[in-house]
Amino acid sequence: MLDLPTTTPDPVNEPILSYAPGSPERAHLKSALASMALERPDVPHVVAGKESREGATYEVRAPHDHALVLATCHNGGALVAERAIAAALDAAPGWAATPFAERARVFMRAAELLAGPWRQILNAATMLGQSKTVVQAEVDAACEFIDFLRFNVAFASRLAEHQPISPNGFLNTLELRPLEGFVLAVTPFNFTAIAGNLPTACALLGNVVVWKPAENQSLAAYHTMRLFEAAGLPPGVINVVYGDGAVIAQTCLRHRALAGIHFTGSTKVFQSLWRGVGENIANYKSYPRLVGETGGKDFVFADPSAEVEALAVALVRGAYEFQGQKCSAASRAYIPRSLWPSVRDRVVAHIDAIAMGDVRDFRNLMGAVINERAWTRLNAWHERLKNDASVTMLADKGWSRDKGWFCGATLVEVSSPSHALLEEELFGPVLGVYVYDDGKPSGVDDVLSLIDHTSPYALTGAVFARDRKAVAVAVTRLRQAAGNLYINDKPTGAVVGQQPFGGGRASGTNDKAGSAYNLLRWASPRVVKETFVPPLAVGYPAMSAE
Ligand code: NAD
């Protein structure tokens, strides 16, 4: 075992490759897409480094071409989950005793493999399995994932720098121990980077993990686990179990050694996990750490001084890229009446120019939504909005379920500021716009209150204004309305190390993935005081006779 200094290189963000015609990366990706569409792996659970295929099967299909079966997976259930917990706990002493510098090297190597030979494997899996366009896959499965791995190592290596003071005669040290037990990492379908980050952030700090990926992200999760193995992750440190989240989670929630939950997904599921911890609280060896990043109803506020073209582009990119399936997607916009006609016409023109279809055709800006359940739910919203006399449908072309689960970019003007469209997370390409009256003196003031109070979420938001005073007012008034606020930019696209990500209220515990704040949740500090010359008398000078 190497016991090396913990200094690690200062990371820089992974450059986004262009995939322009004629570029080498384009040729590599096209070839990976062609071969992966035919591979159809039988995806194994990996427990203690061993593959197994227990449980009823389910298929992973390409959302934009639902006849195309990409992989077969197995529903691990309680049995595999129990084995995964046991394997994690077996691996725990050895991994906790592994020096940080050596643990870090595993994830540094994973980052370099992903930046090089594995890049197009993860990109192709994410494009085919999750229907991301080349640009969306590159910023997620390649760049963000690489950044998480590199930046977490750098951030974690500096955590131990914060030491207590030691007056002469004493030495006080603070060490960061892993949590006692195992961490359950439950990951969402929509980001390959998040799926990779949740188990690795915990493992980097010396924890052992049971990882439950989303069913619809199983293809990329399969290749991610292979990447970790190729990087030298010891058996049992991360154990991946596929299948029904409720069953796997129940097994973990009931286990005495549950030390933490690292979750990203819907608010409803996170609340059910928290409830499960509450119900079992007397049984645990320690209080489990609960970290969850969940839903959003992310706003765009335009001041009357906003630049119209920048606003229109931000609305289109923010609302429709990856089919609106980002927790940070712009889904409600508040536009002043004075600007609305020109903003509306520009947004509609941009929507008309959007190409949607199979993501293997790089000209498409949009693919399909993740599965039939999502399409059916979104289509019910579409029908409801079409039949709602209180709203104006401004764009909604392209809804179809024949070849893939396609939901066209949809723009809706609502007249009621408390319309459900402005409150609930739809998680699809539907943008609701409320036009506020900037002709009256309290127009901006009123709409800022509305934005703050309309939805239970507080994840991301954007303020568009050229007037600096207006920016300052909005930033102050919306202080609790978003954990990530953007000025004159779309509310999506946080970059690791630049905009640590997470929100408050119903959007999560705001522990900021990809930052020291998050990593600290996976460590249990111990303070050791050493006294070099211990006292040899019980009494104190004040007790002496006069
Ligand atoms: P989801 O909640 O349906 O699923 C997330 C994970 O939980 C999956 O692995 C799923 O299998 C598992 N799961 C489902 N039911 C469960 C249960 N009863 N018990 C335990 N686990 C269960 O979410 P999703 O559809 O995969 O992702 C979309 C959601 O994630 C959206 O709400 C989005 O806003 C949110 N999200 C948030 C962030 C963020 O950083 N705030 C990032 C990405 C996604």
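Remember, it's 1-based here, ligands and their atoms both numbered in the order they're listed.
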Asker: Run Asp42 and Arg53 through salt bridge (charged side-chain N to carboxylate O under 4.0 Å, His left out) and show every step you take.
Answerer: CA-CA 8 Å; Asp42 186 359; Arg53 294 182 171 78; 3.6 Å; yes
Asker: Counting heavy atoms only, name the option from Gly276, Ala249, Ser218, Cys327 that's nearest to atom 39 (C) of ligand 1.
Answerer: Cys327
Asker: Which heavy atom of the protein is the closest neighbour of atom 34 (O) of ligand 1, given with residue, atom name and distance?
Answerer: Glu425 OE2, 2.6 Å
Asker: Should the proximity of Glu215 to ligand 1, defined as any heavy atom under 4.0 Å, be assigned to the side chain, the backbone, both, or neither?
Answerer: side chain
Asker: Give the contacting part of Gln217 toward ligand 1: side chain, backbone, both or neither, where contact means a heavy-atom distance below 4.0 Å.
Answerer: neither
Asker: Check ligand 1 against Leu459 and write out every atom of the ligand that is under 4.0 Å from a heavy-atom position of the residue.
Answerer: 41 (N)
Asker: Heavy-atom contact check, 4.0 Å cutoff: does Gly508 meet ligand 1?
Answerer: no
Asker: Looking at ligand 1, would Phe263 count as a contact under a 4.0 Å heavy-atom criterion?
Answerer: yes
Asker: Starting from atom 15 (N) of ligand 1, what is the nearest protein heavy atom, named by residue and atom, and what distance separates them?
Answerer: Val269 CG2, 3.5 Å
Asker: Near Gly295, which atoms of ligand 1 are under 4.0 Å from a heavy atom of that residue?
Answerer: 32 (O), 34 (O)
Asker: Looking only at distances, please establish whether an N/O atom of ligand 1 is found under 3.5 Å from an N/O atom of Thr187.
Answerer: yes
Asker: Show the atoms of ligand 1 that are less than 4.0 angstrom away from any heavy atom in Asn190.
Answerer: 43 (C), 44 (C)
Asker: From the options Trp399, Phe427, Trp405, select the one residue that forms a side-chain contact (heavy atoms from CB on, under 4.5 Å) with Leu378.
Answerer: Trp399
Asker: Classify the angle between the aromatic ring planes of Phe145 and Phe228 as parallel (below 30°), tilted (30 to 60°) or perpendicular (above 60°).
Answerer: perpendicular
Asker: Under 4.0 Å from a heavy atom of Pro213: give me the atoms of ligand 1 that qualify, with their elements.
Answerer: 9 (O)
Asker: How does Phe270 reach ligand 1, if at all, at less than 4.0 Å between non-hydrogen atoms: by side chain, backbone, both, or neither?
Answerer: neither
Asker: With heavy-atom distances below 4.0 Å as the criterion, list the atoms of ligand 1 near Phe501.
Answerer: 39 (C), 40 (O)
Asker: Could you say whether the N/O atoms of Ser507 and ligand 1 ever approach to under 3.5 Å?
Answerer: no
Asker: Show me which atoms of ligand 1 lie under 4.0 Å from any heavy atom of Ile194.
Answerer: 42 (C), 43 (C)
Asker: Considering only heavy atoms, which of Pro188, Gly265, Ala185 lies nearest to atom 30 (O) of ligand 1?
Answerer: Gly265
Asker: Tell me, which protein residue and heavy-atom name are nearest atom 10 (C) of ligand 1, and how many Å apart are they?
Answerer: Lys212 NZ, 3.8 Å
Asker: Look at atom 18 (N) of ligand 1 and find which of Ala214, Ala246, Ala221 reaches it with the closest heavy atom.
Answerer: Ala246
